[in-house]
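For reference, the structure discussed in these notes is given below.
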Amino acid sequence: MKVLGIETSCDETGVAVYDSGRGLLADCLFSQVSIHASYGGVIPELASRDHIRKTLPLIKQVITEAEIEAAELDGVAYTAGPGLVGALLVGATIGRSLALGWGVPAIGVHHMEAHLLAPMLEADPPTFPFVALLVSGGHTQLVRVDDIGRYELLGESLDDAAGEAFDKVGKMLGLPYPGGPHVEKLALSGAKGRFKFPRPMTNRPGLDFSFSGLKTFVRNTIIELSEAGQLDEQTRADIALAFEEALVATMAIKCRRALEQTGLQSLIIAGGVSANTHLREELELSLKKVNGRLFYAQLKYCTDNGAMIAYAGCQRLKAGQHQGLGIDVFPRWSIESLPAIS
């Protein structure tokens, strides 16, 4: 089965073709970072307008690169949520319309399920069951995964997601948008041990996260040092490192707890923040101590992309699931509400 995947949940337009027999045939991505950078964050209306401009050209490009004809496609998958409603509607409308015109089934894909399944695109994919840490700009969740569509939410962020905290701290430090990769880069020059920031909610049981207090602690530290005239470039790097260490340590502690609680030994990390090198290294070391295994997608499939949508959609279309003629999107959408594929 050959499936066209369309991703337009936020500020990246991703399109791909996945073949259930041959794997990923082609994928293309256009990032809107340069459009939103001057505003310090995503402007929903601008995001929607750019998806309108880029989606159809990318679809034509990816079909050409896959060396197939549109008539060879067996289905269309598009992101139906969670995300920005206007951006979602662009991909859903185009995807559903193309499927109708081509006479093939369409499926709306859950954005975080697609992230969760992205490691399945690798040569050595995980096997069910496993625990997933979904960590992005909008979500920080721990999920038990027994099969596609069989999800149990173990814990989630009660306020800021990890990616959001990265971006906000980046802004506090005067770094460009998006802040996450710039904070990680600045932290490489930081001196370990100069600052020690709190590991929120690790001194109590449970698997929920909260990063707003950590963010406030960083902000107060920056203000105090700035007023004292001590916020030089090295100090900014030291703060970036201390923040990254605190956030990564918090997630590592919660992941270990999740594995202990479920009795599982496999952990996957997915979403934009899963590209963070420090997070990967910390979790690798942590899992080695308990004979566990860590799985993640290659860097280009950590951030939003069409390949993960095409793959996730293909699995559901193969199971006989598809959308009706209506165009529905869900800015908020619980992953636990998804049906199992069997």
Side-chain angles (χ1 to χ4, degrees), residues 5 7 9 12 14 16 18 23-24 27 29 31 109-148 151 153-157 161-163 165-166 178 180-181 183-185 187-188 207 209 244-245 247-259 262 264-312 315 335:
E7 156 59 21
S9 65
E12 288 168 316
Y18 179 82
L24 188 64
D27 71 293
L29 182 72
S31 173
V109 172
H110 191 290
H111 182 73
M112 296 312 295
E113 177 180 63
H115 271 305
L116 184 155
L117 296 175
M120 298 297 185
L121 293 165
E122 301 303 310
D124 181 25
T127 56
F128 302 108
F130 53 77
V131 171
L133 172 65
L134 303 179
V135 56
S136 66
H139 296 80
T140 303
Q141 298 177 327
L142 279 165
V143 181
R144 178 185 173 120
V145 181
D146 288 300
D147 204 340
I148 297 176
Y151 307 126
L153 184 63
L154 303 174
E156 62 184 336
S157 179
F166 261 113
V183 171
E184 181 180 6
K185 183 178 180 180
L188 294 174
L207 297 173
F209 301 88
E244 185 182 55
E245 287 179 333
L247 190 141
V248 165
T250 299
M251 290 193 285
I253 290 168
K254 298 287 184 173
C255 287
R256 286 197 299 270
R257 285 185 188 174
L259 292 173
T262 59
L264 301 177
Q265 289 187 298
S266 294
L267 174 73
I268 73 116
I269 53 173
V273 182
S274 69
N276 182 278
T277 302
H278 189 178
L279 176 62
R280 292 185 176 196
E281 292 175 349
E282 183 70 20
L283 289 174
E284 290 275 14
L285 290 172
S286 182
L287 264 65
K288 279 183 180 179
K289 296 176 182 178
V290 294
N291 296 317
R293 286 198 66 189
L294 179 67
F295 298 86
Y296 43 78
Q298 55 187 288
L299 292 179
K300 66 179 179 178
Y301 300 132
C302 291
T303 54
D304 295 349
N305 63 87
M308 67 182 191
I309 303 301
Y311 177 84
Q315 308 315 306
I335 197 170

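This is a predicted model, so every value here is computed, not measured.
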Interatomic spacing from CG in Leu247 to CZ in Phe209 - rounded to 0.5 Å:
9.0 Å

The criterion is ring pair (Phe, Tyr, Trp, His ring centres under 6.0 Å); which residues satisfy it with Tyr296, sequence neighbours excluded?
none

Which atom of Leu287 lies closest to which atom of Gln265, heavy atoms considered:
CD2-O, 4.4 Å

side-chain contact (heavy atoms from CB on, under 4.5 Å) involving Glu12 - partner list, sequence neighbours excluded
Leu29, Ser31, Thr303, Asp304

Between Met308 and Ala118 the two heavy atoms that sit nearest each other are CB-CB, 4.2 Å

Taken in chain and number order and not counting sequence neighbours, the residues that satisfy salt bridge (Lys or Arg N to Asp or Glu O under 4.0 Å) with Glu244 are none

Counting only pairs under 3.5 Å, give me each side-chain donor-acceptor contact of residues 266-273, with atom names and distances, residues two or more places apart or in other chains.
none

Mind listing the closest non-hydrogen atom pair of Gly5 and Ile309 along with its distance?
CA-CG2, 4.2 Å

Minimal non-hydrogen separation, Ile148 against Glu113, with atom names:
CG2-OE2, 3.6 Å

Sorted by chain and residue number, the side-chain contact (heavy atoms from CB on, under 4.5 Å) partners of Gln298 (sequence neighbours excluded) come out as Glu122, Lys300, Tyr301

Partner set under ring pair (Phe, Tyr, Trp, His ring centres under 6.0 Å) for Phe295, not counting sequence neighbours
none

If I take atom CG from residue Asn305 and atom CG from residue Leu24, how far apart are they, to the nearest 0.5 angstrom?
9.0 Å

Here the gap from Leu259 atom CG to Asn291 atom CG, rounded to the nearest 0.5 Å, amounts to 12.0 Å

Within this structure, what is the NE2-OH distance for the pair His110 and Tyr151, rounded to the nearest 0.5 Å?
9.0 Å

Under 3.5 Å: donor-acceptor pair, side chain of Thr140, backbone of Ala162
yes

All heavy atoms of Ala310 vs all of Tyr18, minimum pair found to be CB-CB, 3.7 Å

So side-chain hydrogen bond (donor to acceptor under 3.5 Å, both in side chains) across residues 128-137, not counting sequence neighbours, yields none

Heavy-atom pair with the smallest gap, counting every atom of Leu207 and Leu142
O-CD1, 4.1 Å

Could you work out, with side-chain contact (heavy atoms from CB on, under 4.5 Å) as the rule, every residue matching Ile253, not counting sequence neighbours?
Thr202, Arg256, Arg257

Return each pair, listed once, that meets salt bridge (charged side-chain N to carboxylate O under 4.0 Å, His left out) where at least one residue sits in residues 273-297; pairs must be two or more places apart or across chains.
Asp124-Arg293

Once rounded to the nearest 0.5 Å, what's the spacing between atom CE of Met251 and atom OG of Ser274?
10.0 Å

Residues at least two apart in sequence or cross-chain that pass side-chain contact (heavy atoms from CB on, under 4.5 Å) with Leu285, listed by chain then number, are none

Which residues pass the salt bridge (Lys or Arg N to Asp or Glu O under 4.0 Å) test with Asp146, not counting sequence neighbours?
Arg144

Quick one: side chain to side chain donor-acceptor pair (under 3.5 Å) partners of Gln315, sequence neighbours excluded?
none

Using a 4.5 Å cut-off on heavy atoms from C-beta on, say whether the side chain of Asn276 contacts that of Val135.
no

Between NE2 on residue His115 and CG on residue Leu133, distance to nearest 0.5 Å:
12.5 Å

